[in-house]
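Beneath this line is the structure, given in structure tokens, with notes to follow.
Here is how names work: the chains are called A, B, and so on, in the same order as the sequence lines, proteins then strands, and each is numbered from 1.
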Protein chains: 2
Amino acid sequence: MKDQDNKTLSNTQRAVRDLRQMIVSGELAAGTDHLESELAATLGMSRTPVREAALMLESKGLLEMRPRKGVRILPVSSEDMREIYDILTELESLAAQRAAEAGYSKEDLAVLAASIAQMDKAIETEDLEAWAKADELFHQELVRLGGNKRIEAIVAMMSDQVRRARATTLFIRPLPVKSNEDHRAVFQAICEGRPDEAHDRHREHRLQAKAILCGILEKHRLNSL
Amino acid sequence: MKDQDNKTLSNTQRAVRDLRQMIVSGELAAGTDHLESELAATLGMSRTPVREAALMLESKGLLEMRPRKGVRILPVSSEDMREIYDILTELESLAAQRAAEAGYSKEDLAVLAASIAQMDKAIETEDLEAWAKADELFHQELVRLGGNKRIEAIVAMMSDQVRRARATTLFIRPLPVKSNEDHRAVFQAICEGRPDEAHDRHREHRLQAKAILCGILEKHRLNSL
DNA sequence: GCATTCTTTAACGTATACGTAAAAAAATGC
DNA sequence: GCATTTTTTTACGTATACGTTAAAGAATGC
């Protein structure tokens, strides 16, 4: 079913998609090395498209190509986490502001509203996977509504880099009930066209997330996720 | 002389360096298409390293690979300019703030001071090339002092994307005498450890640059540089 | 003369081959 | 037994070959 569009995807594109998935899911563990020929065998193709894919994923900060050492899956330290959350804070807050300036209709904001509803439900049922998914959707959609394609791309890239670490901390941290209050406030501000409010609320939201996540990483000495 | 370090660079790396240079300098004009085989012939190597380099430059937003159409050098519209300056505004302002928080010594800030001196001189002699170079140095060094490697990389990427457009507007706009006052104010704030001041002054600086540049582009109908 | 189908061309995607150089293993000397 | 040199291995960087297929051009039918 999902193999259908494989027909139109080149091997290089499949390799990018599959390797990215294997990295963010942890199937290729952080810090591990993998020969190009191994990956090629795993993916059932020759080295050429694997190399091309690896170069692209290197540009996206997911791995590093080291001659004769193989492809290294980049681990994420708490310092990396700080860098990334600082960037997410600034760019997402701007997106929130711009979304509020855009004068979107209720229908335009349907996905954002849905992500909030999904998170409510996830918290009620204490389903952490669902919570993470709803959280991801909210942030992604918020950035999309911001209308800056490059911010979208950068935020997606940064999100990929921290996805593994976030997944880990998810089961350590307390149930994040506060998050959805923040989302709701940002949503309201966007609905009512209050850019500064949207900006500042989202900014606070991200600053808190940074503090919590980096706190957990440092407390548990998780310095290479 | 500059060929010495070629010895240690792979063809792929040379291709990245040379193609990037040819793009930002305008030698490969915006909007033009180039076959992989042509580029390979130009650079004196086979298609393989050229393809690898093109994929990396595609990730950096400098070109687009379109099957059978060749590699397309991406033009920059005034809308692109807005997107990019919005990102630069946020990330550089944060860098300025962090630099002010870091408590750097006079020596640490020598390069930043030098860039201001260079710009003074450039304005005095009305040397626009030198002005642009000093401007670039100030912003690059500021971001470096901010201490966030990812912001450094993103800002470098965005700067590359607008370099051609900036070079063009440089000869249309009035001599930017105000810029260095801003730089000096940011520098002072960093010296004296006033993060908010550094942040806000730099933010204003970038917002004005955005308005001026986008204004020129739209006024002159320059929508594809 | 125009639309349509067929043929031809050529650019790309990718497999493969191979030289090079780094790392590992083996051999040598002390 | 350890350090040093030599040999072997092997992973990579890159040239090359080739099938596929999209686009351009030619031929056909109306």
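Ring orientation note: the planes of A/H205 and A/H183 are nearly perpendicular, at an angle over 60° on the 30°/60° scale.
Following rounding to the nearest Å, A/L9 (CG) and C/dT14 (C1') show an atom-to-atom distance of 15 Å. The NZ-C1' distance, from A/K69 to D/dT10, rounds to 15 Å in whole Å. At whole-Å resolution of the value, CZ in A/R66 and P in C/dA21 are 21 Å apart. Whole-Å rounding puts the A/R14 CZ to C/dG13 P distance at 15 Å. What separates CG of A/D33 from P of D/dC12 is a distance of 10 Å, to the nearest Å. Taking atom CD of residue B/E52 and atom P of nucleotide C/dG13, one finds them 13 Å apart after rounding to whole Å. B/R51 has its CZ atom 10 Å from the C1' atom of C/dA11, to the nearest Å. For the pair B/N11 CG and D/dT16 P, the interatomic distance rounds to 12 Å; values are reported in whole Å.
Proximity of residues 54-64 of chain A to DNA chain D (heavy atom under 4.0 angstrom from any strand atom) is not detected for any residue.
Salt bridge present: B/R163 and B/E136 bring a charged side-chain N and a carboxylate O closer than 4.0 Å.
Side-chain N or O atoms of A/R164 include none that pairs as donor or acceptor with a backbone N or O of A/G26 at under 3.5 Å.
Set against C/dC12, D/dG13, D/dT14, the side chain of B/R47 has C/dC12 as its closest nucleotide. Comparing C/dA11, C/dT14, C/dA23 against the side chain of B/L35 picks out C/dA11 as the nearest. Distances were taken from every side-chain heavy atom of A/P49 (C-beta onward) to each of D/dG13, C/dT14, D/dT16; the shortest belongs to C/dT14. Which of C/dT14, D/dG13, D/dA22 sits closest to the side chain of B/R68 comes down to D/dA22. Considering only side-chain atoms of B/T48, the nucleotide from D/dT16, C/dC12, D/dG13 that sits closest is D/dT16.
Side-chain contact of A/D86 with A/T89: a donor-acceptor pair under 3.5 Å is absent, judged by distance alone. For the 3.5 Å distance criterion, the side chains of B/H139 and B/R144 fail to qualify, holding no donor opposite an acceptor. Judged by distance alone, the side chains of B/S105 and B/D108 do bring a donor and an acceptor atom under 3.5 Å apart.
If you find the closest nucleotide of DNA chain C to A/P67 and to B/V71, the one lying nearer the 5' end belongs to B/V71.
Between the CG atom of A/D33 and the CZ atom of A/R68 there is a distance of 14.5 Å, given to the nearest 0.5 Å. We find the OG1-CE distance between A/T169 and A/M81 to be 5.5 Å, quoted to the nearest 0.5 Å.
Annotation: B/K210, atom NZ; neighbour count of heavy atoms from other residues, nucleotides and ligands within 6.0 Å is above 12. Environment of CZ in B/R66: crowded, with over 12 heavy atoms of neighbouring residues, nucleotides or ligands closer than 6.0 Å.
Between C/dT14 and A/T12, a contact under 4.0 Å exists linking OP1 or OP2 to a side-chain N or O.
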When you compare the protein's N or O atoms with those of nucleotides 6-9 of chain D, which come within less than 3.5 Å of each other, and at what distance?
none

